[in-house]
Amino acid sequence: MKINIKNEEIRSERVLRIEEIAGENIFKCYQCGKCSAGCPSADQMDLLPNQVVRNLQIGKVDAVLNSKSIWICASCFMCWTRCPRGVNLTALFEACRQVKLRENIDEVGLKQTIQEAEEMDIPQIAVISVLRKLTS
Amino acid sequence: MEVSYFPGCTLKQTAKNFETSAISSSKLLGIELKELSRWNCCGTVYSLATDDSMHHLAPIRNLIRVQEEGSKEVVTLCSMCYNTLKQANELVRAEPDRLQKLNDFMYLEEDYKPDLEVYHLVTYIKDNVGYEKLKDKVTNPLSGLKVAVYYGCLLLRPDSIKLDDRENPRIMEDMMEALGAEVIDFPYHNECCGSYHTLGKRDLVIERTNKIISEAKLDGADVLVLSCPECDFNLDHRQKNTLEKYPSFETMPVLYFTQLMNIALGGDLADCGFELNYIDPIPLLKDKGILK
Amino acid sequence: MKRIGVFVCHCGLNIAGSVDIDKIVEEVSKLNHIVYVKNYIFLCSQPGQQMVEDIVKEHNLDGFIVANCSPTLHEKTFRNTAIRAGMNPYFVEVANIREQSSWPHSKEKKKATQKALLIIKATIKKLVKNLDYHSKRVDLTKRALIIGGGIAGIQAALDIADGGYEVVLLDRQQSIGGHMAQISETFPTLDCPQCIMTPKMTEVGNHPKIILRTYSEVEEVTGFIGNFTVKIRKKATSVDWTKCTGCGECIAKCPAKPLSVFDCFLSKGTAMYRDFEQAVPSFPVINRDACLYFQKGVCRICEKVCPIDAIDFEQQDEIVEEQVGAIIIATGYDLMPMSEQGEYGAGKYKDVIDGMQFERLLASTGPYAGDVKRPSDEKVPDSVVFIQCAGSRDPESNYPYCSKVCCMYIAKQALLYKHNVHHGQAYIFYIDIRSTGKGYEEFVQRVQEESGVIYIRGKASKVFKRGDKMVVWGVDTLTGQTVEIETDLVVLASAMIPSSGAFTLASKTRLATDKYGWFSEAHPKLRPVESVTGGYYLAGAAQAPKDIPETVTHASGAASKVLALFSNDFLESDPIIVQVDPEICNRCGYCEAVCAYDAVKLNSKTKIAEVNEVLCEGCGACAATCPSGAISHRNNTRSQIFDMISVATEDYKEITTKFDK
């Protein structure tokens, strides 16, 4: 449970890239935690939404990109609409997903997804959403 | 009155009953939902990456279709379609450069001029018919039916597209009351159903379904009313899986608002398409004396 | 001006170290109008000033220049010297050769000397065109008006009245006391307001120098510092206060039971009411919106039971006028409306209340005489959840600022709740604990150690009802887990906002506020109790959120400023202000729009700009704005400024001449 905070990781290229894709300044966040308190999926996450932002603030990009949280977020916009500082966490999560997807690292397999969808008679919007959100 | 109508894919497949009940009940209110002669996928999820224009092509292309038909308004039913179309419309209004880029890319299409409005059917009815008149047209009031209104995420968030106050909305509640139903206080009204995780992370959705339906039960609801085929699948069809995981789970019928509206306005029962509901609402509706 | 002297200061080596003083003296002596030039090591010293005074008299100078430091340091010093020498002080000018020459050019003696000489020459050019202006005396009414009778207004009123001056203390409520009277006990000492404030209220009521005007509001303010006329609306009380003894018989028998404003709508009061038992004055008023007679034309029981026939249903609002020399704004604060916090179910659920409502529940004078019961069903709450920063520090949806008092009063409320309900459990959701006053941090530590309060570090996100319980969703950021608590009662530390009516008062007084309605101080650090407009002072939370000790300090500060003002027998206006040439004025009104001091106005009939010489601070904004050049700044006229520029830039004359061609 110990990390080294390093100058070169704070505001590193990778952090700036995530901020750029999200169009957001992570230092607006003052870590009140209201995002996590209201997040409907927080109980399934390994990093709470505020912890995702915190890790980005201290430059720990890998902790975020390797987390389950960024894939569990379903973009319900609750965090953003209630954030007292108006930090668009929804976009930050999307940016984190995008960073991985743009390296062609898919979160789910295409074949398996389609197969499951057909078996279950899943609504079309769910199928397309999964493909859009979780594959490159 | 006639208005352009964008159905979206799911209303033609797993949620046909949402469409048939909407068309039928709208007609009873004097609204002709005129389906766009050509349309494509709405894009489903609004892209949140600032450097991504590609994923806005689909919604904007649909708005061009509306424009081609000379219409200034388009009505949607599905929450996802509504959210994506409306957010994309707001985006190109706020960012002319982005609009230019999209128009340039779709050079075979006519340019989109972002002067049309995307409506959800609820808003359209409230603005164009009014709940007083709606009430007058009710022939079969939903008396004694305790309704929990469920908005989910995409009708209330983000602020730029919200139908009503994002924390304590009344627009669907007032509609249900106009139809004669009793609306209960349902604090889970704006929680998330788990959305597309129904595919791949089924357990996550089961947890959500369990919480949302159980809370509605606790609050005294007979039925849950919603406006999204995704939420409907998770909260209705996934009750099967929820029951498998939690044997003491108590099921509850989940209905599209249009199904209840169709009943209250005296529409053809066939248009409600109750056979597509997983938890059959008919026994309850009969028990309440709403259906004979 | 014919006979000008120039005094060059060495300022030790500050000036003499880089400016060639002898050269300056030699060059300046050659100039027109200059009859005497003298240098000295420290002009500002007593011998230096004496020397200047003697020379002015001896050589019959009609103006002089001191070439030294910034005018903010010693302009006044040498103007006083001039007065002692019998000369018009506005014929003294400062040539700042220290900050503007010797310091910035400390290593370039030649440049520094040359620039110092230019500065002196330019100043001489200006001085020769100075005109003979004299300050004016204005009468001063040594009476103060204080708007708002909370603890700020009470403190300021007593301080000024004890200083020997008359005070009119105004409050729109029936009684003075304000919010402090509603509070249960005060942090960190746990004194109750009944013990520490009621004596002060009584003192106000009995003070021979304090005129109480409660149930009254400001209608109109005209005039300026030292000479305000204030129209006050005395709202109809429906009780003749000149007869009333405050026996309370009418209150006891009043059958109409509206919700009590003083109890934050948690209990029922009466239509015939006084704010609270210890109200000052003790005379009641009729709430006409609730009175059966006024609403339905029946009842008049109060009239029947009043032993001295003081009830007056026919009474009308009355406008009275007060002449005062100074006005203190002490209008205080309110809490933000509950309806603005939808996610917390505020305004929707009876058992979600704000901090002031919980004060009333804790107060021995409250709805249940100090027993804590929740509003919905009068159940004693087994637990209470407090939510900090409810609306504060929330620029996105509510207010960006910190309300400053909530950390402390919530800690206090948790402690008092525990004193009251021994088995009870308090939870406090917080972001940071701000406990910066004397004894505050120690108090919070005591609460944490002794009362078993659980502080949960994270902001709550949602409050809703489940059965007869309230459910709070929050997060414990310290363990990194989300939290759900079922509780009986939720208390929101709602943001403080300016008292309702602050904007109306600001427009009536033309005082500046920030966008939230807090009254603006003249300087955020050095003039915190003065408003930007002369004669208006600020006391307490009208300026920004404050706790009681800070409010009292602020109020005493405002009172001391008023006392300082009243220590003068008349006001003297600085003549170096602007003046309007009515023949040139084109009535555009730009000057009125830019004036920060409300000193320039278009005449209501002629529409020509007029300057109030007392209010004008001489900033020159109007003179710079005036498109027709009708406004000039005395002794800083356009011609004087251009003269100075042409002297200062004479080295560049050739270039500019070419450019002109």
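As the structure is a prediction and not an experimental result, all values here were calculated from the model.
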key: Non-hydrogen atoms of T81(A) and S397(C) that approach each other most closely   = O-OG, 4.5 Å
key: Any donor-acceptor N/O pair, Y30(A) side chain to R393(C) backbone, under 3.5 Å   = yes
query = Atom NZ in K34(A), atom CD1 in I387(C): separation rounded to 0.5 Å?
reply = 9.0 Å
key: Whether over 12 other heavy atoms sit under 6.0 Å from K348(C) NZ   = yes
message = So, taking the atom named CG in L48(A) and the one named CD in Q481(C), what distance separates them when rounded to the nearest 0.5 Å?
response = 8.0 Å
ask   = Do other residues, nucleotides or ligands put more than 12 heavy atoms under 6.0 Å from the NZ atom of K68(A)?
value = no
query = Are more than 12 heavy atoms from other residues, nucleotides or ligands located less than 6.0 Å from atom CD of E8(A)?
reply = yes
query = At their closest point, which heavy atom of K459(C) faces which heavy atom of A37(A), and how far apart are they?
reply = O-CB, 3.3 Å
task = Output, in order, the C-alpha distance, side-chain angles, deciding distance and verdict of side chain to side chain contact (heavy atoms under 4.5 Å, CB included) for E343(C) and R82(A).
result = CA-CA 8 Å; E343(C) 70 269 41; R82(A) 285 197 186 140; 3.7 Å; yes
ask   = At a heavy-atom separation under 4.5 Å, does C83(A) approach chain C through its side chain, its backbone, both, or neither?
value = backbone
request  = Check the surroundings of atom CG in N7(A): do more than 12 heavy atoms from other residues, nucleotides or ligands lie under 6.0 Å from it?
outcome  = no
query = At what distance, to the nearest 0.5 angstrom, does CH2 of W473(C) lie from OG of S36(A)?
reply = 14.0 Å
ask   = In terms of heavy-atom contacts, does NZ of K100(A) have more than 12 from other residues, nucleotides or ligands at under 6.0 Å?
value = yes
request  = Would you mind checking which part of E484(C) comes under 4.5 Å of any heavy atom in chain A, side chain (CB onward), backbone (N, CA, C, O), both or neither?
outcome  = neither
remark   = Assert top hit (heavy-atom pairs under 4.5 Å, partner chain A, pool P400(C), G391(C), P395(C), S461(C)) equals S461(C)
ask   = Just one of N398(C), I431(C), D394(C) clears the side-chain contact (heavy atoms from CB on, under 4.5 Å) bar with P84(A), so which one?
value = D394(C)
